[in-house]
There are 2 protein chains.
Amino acid sequence: MLKRERQAFILKQINLHNRVLSSDLSTEMQVSEDTIRRDLLELSNTDKLIKVHGGALSKSFHSSFLREDIYQLDAKKMIANKALNLIKDGMFVLTSGGTTIIELARILPVELKATFFTGSIPAAYEYAKHPNIEVIFIGDKISKGSQITVGGEAIMKINSIKPDLCLLGVNAIDLTNGVTDNDWDVVQVKKAMVEAASKTAVLTITEKMNTCQKLKICEINQVAYLITEMDHQADLFKAYANTGIEIL
Amino acid sequence: MLKRERQAFILKQINLHNRVLSSDLSTEMQVSEDTIRRDLLELSNTDKLIKVHGGALSKSFHSSFLREDIYQLDAKKMIANKALNLIKDGMFVLTSGGTTIIELARILPVELKATFFTGSIPAAYEYAKHPNIEVIFIGDKISKGSQITVGGEAIMKINSIKPDLCLLGVNAIDLTNGVTDNDWDVVQVKKAMVEAASKTAVLTITEKMNTCQKLKICEINQVAYLITEMDHQADLFKAYANTGIEIL
DNA sequence: CATTTTTTTGCATTTTTTTGCTTGTTTATA
DNA sequence: TATAAACAAGCAAAAAAATGCAAAAAAATG
């Protein structure tokens, strides 16, 4: 393993877990702890991380997109991990934005080769870091609130593709109203995404389940997978499973 | 094995595995490591890969970590400040990517109301933070090395707009060859940008002046403004000013 | 075709970088 | 305070890089 690769790996671990132990890194990468220490020293000298006794911590403002104040980060990480199972080599994946999707973008395994379409700036930013993923950005006007592109151009572009999978971070889902949201522009885009994709997976923390907002994105039966942080056998999901949705 | 073949093989390996070792290449192609080193040096000089101790890494790999340390940041801030003078309320501005443009994006005054078009992820991210700026993202495939969109869709989109001003961060400019760059895809997009805009401003640190790369973006006389960190009366600019370019 | 020039390549030598190890010191914490 | 872990500094071996040089190959020239 080359020195630069090692340092890249360390930074990735730091961005993923916010902290690393020298001993872990040493065994993971099969080099002596001295080497790790020297790497950490270099990275800390260039302000890439904060070196502490035994390892290193992430510089809170190091990443362009702050993660400190993400609501229910652990739950979202868990969701992202489950969602990984749906993504296979060679797939064309269309994704929305949102913090859950961004967590997913961060943990995509390096060996994965796939093509990702998105209109989300932070998501595209994360995808673009990945060595083997081709990223197609769906351009148009950027909605300030959500950092994703909205508008006719974007929708036309989405209509012109046929991805295998759509990963949708959503704000509200319930049995009778389906997937809903409050932002008109965003709803138009997400609608188009669900229509375009062969299958749609909905990612949400359970807190948002059985809630409803003003505008409909799609019906429950258009959703193939529901991914939350809870065990898929929980009672909460019974009624959803009955509609044919696969709970992960 | 011919030199050209060898270098093509190296690039193929880089695209395949994101990394190569000089020693591997040496045995695989039955040439001395010196030769490999010289090949890697050449490829690195034309920005095809990142040369590191022991081998080389793919550009996309590199972009995934060492981004925070911006070269000549102070100079770039100064350039950004000068460029501000060109941007007026109500303008439609088309911008490339690059660290200088991103500095500019960061210091746009809050009162400014304008519409910005860009294909650069980090630039769009900065523009989107601004309260009064409308951001239109030019979508297409994202080039890993430079974090900007490239390709036919992007170029078509650029051709369909008529911005007042194009702000171009460039890597090389000289009197006889004009504005040049090394990345074919990026050159296509920048070409389209210059063609589309009423006026083009070139932003560059003086270090890159009077240097030349392999592919032409535009002639000197297509540039309306040249913005560097140095005083506009410096001798360095005399010849440029004579061609009618306004030096800021 | 002969000859000059340029490019390419490998080799020897020196220099630099990287890495693991040892030794003695510091630090965290039970 | 005791103790194990982590650290810093220096050292040495190995790997890689830079440098200069010369032979071979290729290209250009008359």
Side-chain angles (χ1 to χ4, degrees), chain A residues 1-60 62 110 131, chain B residues 1-59 61-69 71 177 182 207 211-215:
Chain A
M1 203 171 195
L2 295 165
K3 186 179 160 189
R4 280 300 246 307
E5 283 185 286
R6 235 174 27 228
Q7 299 192 349
F9 180 84
I10 293 173
L11 286 177
K12 176 131 199 186
Q13 293 298 310
I14 288 242
N15 279 329
L16 230 47
H17 306 115
N18 289 315
R19 60 176 211 131
V20 286
L21 302 181
S22 305
S23 54
D24 288 353
L25 293 170
S26 166
T27 51
E28 281 178 280
M29 298 194 279
Q30 298 285 345
V31 287
S32 77
E33 287 198 38
D34 297 77
T35 304
I36 297 293
R37 252 194 298 280
R38 274 183 282 237
D39 282 339
L40 293 180
L41 197 67
E42 265 184 60
L43 293 170
S44 126
N45 285 337
T46 48
D47 284 336
K48 302 277 172 11
L49 48 73
I50 297 165
K51 198 174 162 320
V52 295
H53 201 94
L57 303 174
S58 122
K59 269 199 99 164
S60 41
H62 166 242
V110 279
Chain B
M1 202 171 195
L2 264 50
K3 186 178 162 190
R4 227 20 195 303
E5 285 183 279
R6 236 175 25 230
Q7 299 196 350
F9 180 82
I10 293 174
L11 287 176
K12 195 168 174 182
Q13 292 298 310
I14 285 260
N15 282 328
L16 223 51
H17 307 112
N18 295 308
R19 58 169 284 213
V20 287
L21 302 182
S22 307
S23 55
D24 286 355
L25 293 170
S26 165
T27 51
E28 280 177 276
M29 299 193 279
Q30 296 289 340
V31 287
S32 77
E33 287 199 36
D34 297 75
T35 305
I36 297 294
R37 252 194 296 279
R38 275 182 283 238
D39 282 339
L40 292 180
L41 197 67
E42 266 183 59
L43 293 170
S44 137
N45 285 337
T46 48
D47 288 338
K48 300 282 193 308
L49 46 73
I50 310 289
K51 196 175 167 313
V52 297
H53 202 95
L57 300 173
S58 96
K59 272 191 96 185
F61 190 85
H62 178 264
S63 73
S64 67
F65 58 110
L66 288 176
R67 184 156 332 93
E68 309 306 333
D69 40 8
Y71 182 63
N177 301 293
N182 266 339
E207 192 183 286
T211 69
C212 164
Q213 297 191 330
K214 308 291 173 186
L215 305 164

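In what follows, every chain begins at residue 1, and chains take the letters A, B, ... in the order their sequences are listed.
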Result block: side-chain N/O donor-acceptor pairs under 3.5 angstrom for residues 46-54 of chain B, not counting sequence neighbours:
| residue | atom | partner | partner atom | Å |
| --- | --- | --- | --- | --- |
| T46(B) | OG1 | E42(B) | O | 3.2 |
| T46(B) | OG1 | L43(B) | O | 3.3 |

(request) Scan residues 21-42 of chain A against DNA chain C and write down, sorted by residue number, each residue with any heavy atom closer than 4.0 Å; if none is found, say none. (result) V31(A), S32(A), D34(A), T35(A), R38(A)
(request) Identify the nucleotide, in any strand shown, that forms a Watson-Crick or G-U wobble pair with dT25(C), with both distances under 3.5 Å; if there is none, say none. (result) dA6(D)
(request) Quick one: look up who dA28(D) pairs with, Watson-Crick or G-U, both distances under 3.5 Å, and put none if it's unpaired. (result) dT3(C)
(request) Side-chain contact test, heavy atoms from C-beta onward, threshold under 4.5 Å: evaluate it for D34(B) versus R37(B) and give yes or no. (result) yes
(request) Taking the side chain as every heavy atom from C-beta outward, state whether R6(B) and L25(B) have any atom pair closer than 4.5 Å. (result) no
(message) Assess, by modelled atom type and distance only, whether the side chains of S32(B) and T35(B) contain a donor and an acceptor separated by less than 3.5 Å.
(response) yes
(request) For R4(B), report the nucleic acid contact type (base, sugar-phosphate, nothing); a contact means any heavy atom under 4.0 Å. (result) nothing
(message) How long is the straight-line distance from CG of N18(B) back to NZ of K59(B), given to the nearest 0.5 Å?
(response) 14.0 Å
(request) Please determine, for the side chain of K3(A), which listed nucleotide (dA6(D), dT9(C), dT18(C)) has the closest atom? (result) dT18(C)
(message) From NE2 of H53(A) over to C1' of dT27(C), roughly how many Å is that when rounded to an integer?
(response) 5 Å
(message) Donor-acceptor check, side chain of N182(B) to backbone of K214(B), threshold 3.5 angstrom: yes or no?
(response) yes
